[in-house]
Chemist: 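I have a structure here, written as structure tokens, and I will follow up with some questions on it.
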2 protein chains.
Amino acid sequence: MEVSVNDPKCPSRLVLEHVTSRWGVLVLAALLERSYRFSELRRTIGGVSEKMLAQTLQTLERDGFVHREARPVIPPRVDYSLTALGEEAARKVWELARWTERRVPAVEAARAAYDARRAPLG
Amino acid sequence: MEVSVNDPKCPSRLVLEHVTSRWGVLVLAALLERSYRFSELRRTIGGVSEKMLAQTLQTLERDGFVHREARPVIPPRVDYSLTALGEEAARKVWELARWTERRVPAVEAARAAYDARRAPLG
DNA sequence: CGGTATCCAACACGATACTG
DNA sequence: CAGTATCGTGTTGGATACCG
């Protein structure tokens, strides 16, 4: 099967990098559950800085995955949610995240075996 | 739904970062089709350097996703293939890659709309 | 061929300070 | 609250050279 993503020039690779980016994955997964405000999202996703969250949200908004709704109130209130397109992406990403969590024990066992094969001959 | 991946300390986040890494995604997708030799894989995945391919393969091997088989022949021959665990991961990643390719037109339309909303008021 | 080692540039990222 | 701007650093990642 040919896959155009193997071409470094192909735009699909960039899109894929956006949705699989470190914070993109977590933002999509979070928004799958419900919409979030900026700070709320920041608290939900452990370890993300303001800068990276803003940047990630902008990228995902521009790509049409995330809808940004700014309400003209004081104090400012901005809600982020998934578009239909974003929800499709988020479901796939979410599946991957769930699968990963379930398989962590298998991965850790594999790592132990790998390390055991190498370390002993130090 | 709670998802442990939102904890920055949780090991699942690291595993997820390995499989969704820039080159990890493409390596898994390529190996889903068949096994590859090192240089062959390098040629297949456009733009990857030797260093990054080696590093990515080592990480995926240690996590138990990729099987490395070095044959003691001259010239050296090493084949990379997916383990059962790796194949599960690769299928999910592959679905995401395929979905992305199909949706590129929608993403580009969204970008054009986003940019149009902003640029005019420069 | 299939790597590893080294060096260096780019940028991803976080901390902080500031603005509407 | 929801960002933007600036700065500094550490990691990512490519180029090159070399080894088994």
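So that the names make sense, note that chain A is the first sequence line, chain B the second, and so on, each numbered from 1.
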Chemist: Look at the side chain of Val78(B) and decide which nucleotide, out of dA2(D), dC1(C), dG2(C), has an atom nearest to it.
Modeler: dG2(C)
Chemist: Starting at atom CG of Asp79(A), determine the distance to atom P of dA2(D), rounded to an integer number of angstrom.
Modeler: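 Rounded to whole Å, this separation is 8 Å.
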Chemist: Any ion pair linking Arg62(A) and Asp115(B) (charged N to carboxylate O, less than 4.0 Å)?
Modeler: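 Yes, Asp115(B) and Arg62(A) are salt-bridged.
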Chemist: Round to a whole Å and report the spacing from CD of Glu61(B) to P of dT4(C).
Modeler: 10 Å
Chemist: Select one nucleotide: of dG14(C), dG2(C), dC1(D), the one nearest the side-chain heavy atoms of Arg68(B).
Modeler: dG2(C)
Chemist: Rounded to the nearest angstrom, tell me the gap between atom CG in Leu53(A) and atom P in dA15(C).
Modeler: 14 Å
Chemist: Can you tell whether the side chains of Asp63(B) and Arg111(A) come within less than 4.0 Å, N to carboxylate O?
Modeler: yes
Chemist: Can Arg34(A) and Glu40(A) be counted as an ion pair, charged N to O under 4.0 angstrom?
Modeler: yes
Chemist: Under 4.0 Å between any heavy atoms, over every strand shown, what does Gln58(B) touch: base, sugar-phosphate, or nothing? Just pick one.
Modeler: sugar-phosphate
Chemist: Provide, to the nearest angstrom, the distance between the CE atom belonging to Met52(B) and the P atom belonging to dC8(C).
Modeler: 20 Å
Chemist: Of all the nucleotides listed (dG14(D), dC1(C), dA2(D)), which has the minimum atom distance to the side chain of Ser49(B)?
Modeler: dG14(D)
Chemist: Salt-bridge test for Lys92(A) and Glu88(A): reply yes if a basic N is under 4.0 Å from a carboxylate O, no otherwise.
Modeler: no
Chemist: Taking the nucleotide of DNA chain C with the nearest heavy atom to each, does Glu40(B) or Lys51(B) sit closer to the 5' end?
Modeler: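 Comparing both residues, the 5'-ward one is Glu40(B).
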Chemist: Gln55(B) CD to dT6(C) P: how many Å, rounded?
Modeler: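 Rounded to the whole Å, the gap is 15 Å.
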Chemist: What is the distance, rounded to the nearest whole Å, between atom CZ of Arg71(B) and atom P of dG3(C)?
Modeler: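 Distance, rounded to whole Å: 13 Å.
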Chemist: Tyr80(B) side chain: which of dC1(C), dG3(D), dG3(C) is closest?
Modeler: dG3(C)
Chemist: With respect to the phosphate group of dT12(D), does any side-chain polar atom (N or O) of Arg22(B) fall under 4.0 Å of OP1 or OP2?
Modeler: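 Checking dT12(D) against Arg22(B), no side-chain N or O comes under 4.0 Å of OP1 or OP2.
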Chemist: Would you indicate what Arg42(A) reaches in the nucleic acid, counting non-hydrogen atoms under 4.0 angstrom: base, sugar-phosphate, or nothing?
Modeler: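 No contact.
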Chemist: In whole angstroms, how far is the C1' atom of dC1(C) from the CG atom of Leu41(B)?
Modeler: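 Checked: the CG to C1' distance equals 14 Å.
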Chemist: Using the rule that two of Ile, Leu, Val, Met, Phe, Trp, Tyr join whenever any of their side-chain heavy atoms come within less than 4.5 Å, decide whether Val104(B) and Leu14(A) are in one cluster.
Modeler: no
Chemist: For the side chain of Pro76(B), starting at C-beta, report the closest nucleotide among dG13(D), dG20(D), dC1(D).
Modeler: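 Among the listed nucleotides, the one closest to the side chain of Pro76(B) is dG20(D).
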Chemist: Just the rounded figure in Å: distance from C1' of dG13(D) to CH2 of Trp23(B).
Modeler: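 For the pair Trp23(B) CH2 and dG13(D) C1', the rounded distance is 9 Å.
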Chemist: Return no unless some side-chain N or O of Arg37(B) is found under 4.0 Å from OP1 or OP2 of dG2(C).
Modeler: yes
Chemist: At under 4.0 Å between heavy atoms, what does Glu50(B) touch on the DNA or RNA strands: base, sugar-phosphate, or nothing?
Modeler: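 Base contact.
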